[in-house]
Structure formats: C-alpha cells, structure tokens
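Taking it in order: structure first as structure tokens, then the write-up.
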Number of protein chains: 2
Amino acid sequence: MDSGLPVKRTIADQVAELVRQRILTGQLKGGQPIRQEHLATELGVSRIPLREALKQLAAEGFVTITSHKGAVVAELSIAEVEELFDIRLKLETWLLQLAIPAMIERDLAALEKNLEEQRRPDILPRWGDVNWRFHEVMYLPAGRPITLKLLKNIHDKIDRYLRLEVTMRSGFDRALREHDGLIAFCRSRDVPAAVSLLERHIRDTARGLIASLKVQ
Amino acid sequence: MDSGLPVKRTIADQVAELVRQRILTGQLKGGQPIRQEHLATELGVSRIPLREALKQLAAEGFVTITSHKGAVVAELSIAEVEELFDIRLKLETWLLQLAIPAMIERDLAALEKNLEEQRRPDILPRWGDVNWRFHEVMYLPAGRPITLKLLKNIHDKIDRYLRLEVTMRSGFDRALREHDGLIAFCRSRDVPAAVSLLERHIRDTARGLIASLKVQ
DNA sequence: TGAAGCGAGATTGTATACAATATACAGCGA
DNA sequence: TCGCTGTATATTGTATACAATCTCGCTTCA
C-alpha cells in the first residue's frame, strides 16, 4: 500500500510519523507547545532526529516553529478550514471529472469494498482513514499523483477537527448515502451528476464541521 | 514584504533559503546529489542545520531524501510539470473570480506598477520573481492565504524550468500582453473575460515550457 | 506604584564525536 | 572471465556537549 515509504526507516522518519499521528488523533492538541527534551526522552531518542521530524512537520503545516521558542501544534481558524474545503472542492471535482472516464471495473469494485468497510459498526475510530481512502480510490484513475498527495495533506489537516465533531453521527449517515450515490454515478459514467453530488458532499461536510466549530 | 519570516533567522533557515535559491536558479541542477559534509564546510556550518534545511526542502518538494543515501535535487517529469500547470489553472482562475469584485484602486495600481517593472530591459534575471508577484498581487484581494502560499510553492518549482527555457523571448512578449489584458479586465470588472484570458495565459505558458522541455 | 534592568534556570540552536549504513574495490574460487 | 565475498572508505544518522536565546521573577530606582 505505502510503496513510497523508505525501506529502512530512520528514527527521524518514525518520529515524524508518530507525532503526526498524535496530532491527527488529538493526543497533541492545537496550540500545545512541544518540548524537545521532554518528548525526546519519552521516545527514548535524542533531540536531533526529533528536531528533523519537527522541521518536516512544520513544512507540512502540522506544527509552527518559532526561532528559539520551539514548536507548537498548528491550529486552524474557521476561515482556514473553510479555505481548505474550498480547495478540496475545486481540485476534487476536477479529479473526479478526469477519473470517471478512466475507471475500470476493478476501481468500482474497490470503491464498493471500501463502502462496505464504512458500514461496519466499529468504523468510527478508523473513519478518517477509511473516508480518505474512499476519495483516494475514486480519484486514482485520474492519474494526477501530485494533486492526490496535496489533497491527502489537506484531508489530514481537516480530519483532526472532524474527529472532534461529537455530533458526527448525524452527518455520518448522510456521508454514507452520498458515497453510495457517487459510486452509482461513477458506474453510469454520469460525470455532471457525480460532480454535482460531490460538490454537495464536500459542502455538506464543510457546513457540518464549521457549524460544530462555531458552537465551541 | 516577507512579513512571515522569523525575525531572528536561524542558520538552518538561512541554509534552507540559500539551497532553495540555488535550486531555483539552476546552480544546483536536477538529479544532482547533495553531499552534506561538502556543502556544510563550503558554507562554514556543521551538518546539523544543513540536515534540518534539507528535511524542510524535502517536505517542500525541492529535494528527495533517501535513507542513508542522501538528498538529490528533485526533478520534474513533463507529466508532473503539466499537472502543476493544471493545478495552477484550477486554483488561479478560482482566486481571480474571488479577487476581481474585491479589488480596490490600490490593488490595480500595484498591478500596473508591477507591469512597469516587467517592461524594464534588465528584467530577465528577476523575471521569475516579478512574474509571480504579479499573479500574487492579483489574487491577494481574494483573501485566500493558504491557496496563495500553495501556488507560490508551485510557481517556484515551475520557475526553475522556465529559467532554462532559452527561447523565452518569444513567449515573453506574449506574457506581457496577456498581463496587460488581465489588468484591463480587472479594471472593468469583467470576470468571465479575465478568467478566460487567465486560462489562456496559463495554458500558453505551459505549452511553451513543455514544448521546450520535449526538445531537450 | 510601577517600569526598567538584571540574573538564574529553562529551552532551543549548533558543533563535535561516534555509530550505522552504503559504496567501491580487491581477492578468491569456479 | 565471471561472480561472489569481505574489507576499506565514504557518507549518512544519532548522541552528547556546549553555546545562544528566551522566560520569569526579583530588585532597584524614579
């Protein structure tokens, strides 16, 4: 699956992955400072690979580094979340347009297999992952790997907040229905209908998340 | 201008900036390996800040790091260049749509000031910079800072190849005319005309660059 | 009172030293 | 000759040590 990963993983890479996961899962909360010595000793490594990991995460937008003051977990304002959803809207609808004509049976089967997983009762903890993979599989036939990687980064940043959304159950069933509809339109190669549903899907997700952010 | 820069710049930041510039200007060519010890002694620093700089550049996509083998200057395939231009097309037309209704006289004046600079005879070495700033100023009123930063990164990656384009003179005058036209449409608030011209502008640039890449 | 100055401790930034891994090449055997 | 293997060298990865900077409470003085 992750064919891009280096075979021999360096400590810095492992730490980057771990810290990223902690941020995504909310173990490290937005605005929280990251003390190098503390985290390094906890992980049983020196500060050198940790610092390299933090530099990488900073470039990816997960932490913010200020000289001589350290790294803090990045926070997204509501405006920034809205902007990220807008970027998704523009790029994902484009990819879907490209992907649908290029889809073969195997792609559609993969989408349906993913949808089955989404229906399993114990999905919630893995929802972020599975949901992204659904979209990824759908856009893969478009053959635009750079865009896909960019979108994954955006999804990761957003998912952190989706996890916090306690009222997710409400939007959850809707998301499943929309995913189901997307597959149907992909099957019938109905590009306009699929794109329009995807637009609604992304906008609905955005609306739900932003509403729940504004409450807090 | 660069208000986002840290006040106290760390060695790692300076090195990252310098290496990025060397890549952009072609002093470091695509595929070329970067030997840490060598570059570090040349710059008079230790390998630690250099390594942090390389991690950052890797996350930004300017170099590729392989464990225990080192960093090499990233190369873009023709397909990747095409994809980057496609992303530009989707995002920049969107930003322009948002920006035009929000433009005030000051923005238009800034565009014209930039265009004047483009007309100066000694522009070629600074073309990459000035050209990006034209687009940046044009999209700034859209109020989408994340997208803008993303686009800057894409421009940087592309500009490296634009610099190589020896026959730039041909596309150069055309670019100036198109920039001129864009300002006119912005002034008249003619969104459809501006967007359509911008589409052509980006496609023209892409076509010219890709043609010259295919020759080599 | 309160605002500026000044350490002591905490924290980050960088250099040096060493360990782990990769690369190049010589020697050996079939 | 060809291919394998082991060793020397080069290069990267990480730990430790130290330097630079920041934080925060205290003092001092207007």
Side-chain angles (χ1 to χ4, degrees), chain A residues 2-23 28-75, chain B residues 2-23 28-75:
Chain A
D2 277 312
S3 57
L5 286 185
V7 189
K8 270 281 180 184
R9 294 189 60 184
T10 184
I11 292 182
D13 289 335
Q14 296 176 44
V15 170
E17 179 60 27
L18 185 138
V19 174
R20 193 187 293 109
Q21 284 306 318
R22 287 199 180 177
I23 293 175
L28 283 171
K29 296 191 176 65
Q32 184 173 340
I34 298 177
R35 297 279 157 249
Q36 298 174 4
E37 189 69 47
H38 182 274
L39 184 53
T41 56
E42 180 198 326
L43 303 181
V45 301
S46 85
R47 283 169 47 224
I48 297 295
L50 171 57
R51 287 177 56 83
E52 292 184 1
L54 289 176
K55 270 280 177 185
Q56 183 181 333
L57 292 173
E60 290 169 3
F62 292 107
V63 304
T64 308
I65 295 179
T66 311
S67 308
H68 299 104
K69 295 174 96 176
V72 301
V73 179
E75 276 185 302
Chain B
D2 277 312
S3 58
L5 287 184
V7 189
K8 269 281 179 185
R9 296 189 60 183
T10 185
I11 292 182
D13 289 335
Q14 296 176 44
V15 170
E17 178 62 27
L18 185 137
V19 175
R20 193 187 294 108
Q21 285 307 317
R22 287 200 180 177
I23 293 175
L28 283 171
K29 296 191 175 67
Q32 183 172 342
I34 297 177
R35 296 279 159 250
Q36 298 175 4
E37 190 69 47
H38 183 273
L39 184 52
T41 55
E42 179 198 327
L43 302 180
V45 302
S46 86
R47 282 168 48 224
I48 298 296
L50 170 59
R51 287 177 57 82
E52 292 184 1
L54 289 176
K55 270 278 177 188
Q56 182 182 332
L57 292 173
E60 290 168 3
F62 291 107
V63 304
T64 307
I65 295 178
T66 311
S67 308
H68 299 103
K69 294 173 96 177
V72 301
V73 179
E75 277 185 301

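Chain A is the first sequence line, chain B the second, and so forth, proteins listed ahead of strands; every chain is numbered from 1. Below, all heavy atoms of this structure are taken into account, side chains as well, without hydrogens, waters or symmetry copies.
In the set D:dT21, C:dA15, D:dT16, the nucleotide with an atom closest to the side chain of A:Ser46 is D:dT16. The nucleotide whose nearest atom lies closest to any side-chain atom of B:His68 is, among D:dA15, D:dG13, D:dC22, D:dG13. Comparing C:dA15, C:dA22, C:dG13 by their closest approach to the side chain of A:Arg47 singles out C:dG13. Comparing C:dT21, C:dT12, C:dA15 against the side chain of A:Gln36 picks out C:dT12 as the nearest. Closest to the side chain of B:Arg35, from the set D:dC22, D:dT12, C:dA15, is D:dT12.
Residue contacts shown for A:Ile48 include a base, since a base heavy atom lies under 4.0 Å away. Counting non-hydrogen atoms under 4.0 angstrom, A:Ile34 reaches the backbone sugars and phosphates but no base.
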Taking it one step at a time, do B:Val73 and B:Lys29 satisfy side-chain contact (heavy atoms from CB on, under 4.5 Å)?
-> CA-CA 7 Å; B:Val73 179; B:Lys29 296 191 175 67; over 6 Å; no

For side-chain contact (heavy atoms from CB on, under 4.5 Å), just list the numbers for B:Leu39 and B:Arg22, CA-CA rounded to whole Å, side-chain angles, deciding distance to a tenth of an Å, and then say yes or no.
-> CA-CA 12 Å; B:Leu39 184 52; B:Arg22 287 200 180 177; 3.9 Å; yes

Working for side-chain contact (heavy atoms from CB on, under 4.5 Å), residues B:Glu37 and B:Thr41 | CA-CA 6 Å; B:Glu37 190 69 47; B:Thr41 55; 3.7 Å; yes

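Taking atom CD on B:Glu37 and atom P on D:dG13, their separation rounds to 13 Å, with Å as the unit. Between B:Leu39 atom CG and D:dT12 atom P there is a gap of 10 Å when expressed in whole angstrom units. Separating the CZ atom of A:Arg9 from the C1' atom of D:dG13 is a distance of 15 Å, rounded to the nearest angstrom. Rounded to whole angstrom, the span from the CD1 atom of B:Ile65 across to the C1' atom of C:dA22 amounts to 16 Å. Between B:Leu43 atom CG and C:dT14 atom P there is a gap of 13 Å when expressed in whole angstrom units. Rounded to an integer number of Å, the gap from NE2 of A:His38 to P of C:dT12 is 12 Å. As rounded to whole Å, 13 Å separates atom C1' of C:dA15 from atom CZ of A:Arg51. The distance between atom CD of B:Glu52 and atom P of D:dG13, rounded to the nearest whole Å, is 13 Å.
Contact annotation: B:Lys69 reaches the phosphate of C:dT23 (side-chain N/O to OP1 or OP2, under 4.0 Å). Residue B:Thr10 has a polar side-chain atom (N or O) positioned under 4.0 Å from OP1 or OP2 of C:dT14.
With 3.5 Å as the limit, one finds no donor-acceptor pair spanning the side chains of B:Glu52 and B:Gln56. No donor-acceptor contact under 3.5 angstrom links the side chains of A:Arg9 and A:Gln14, judged on distance only.
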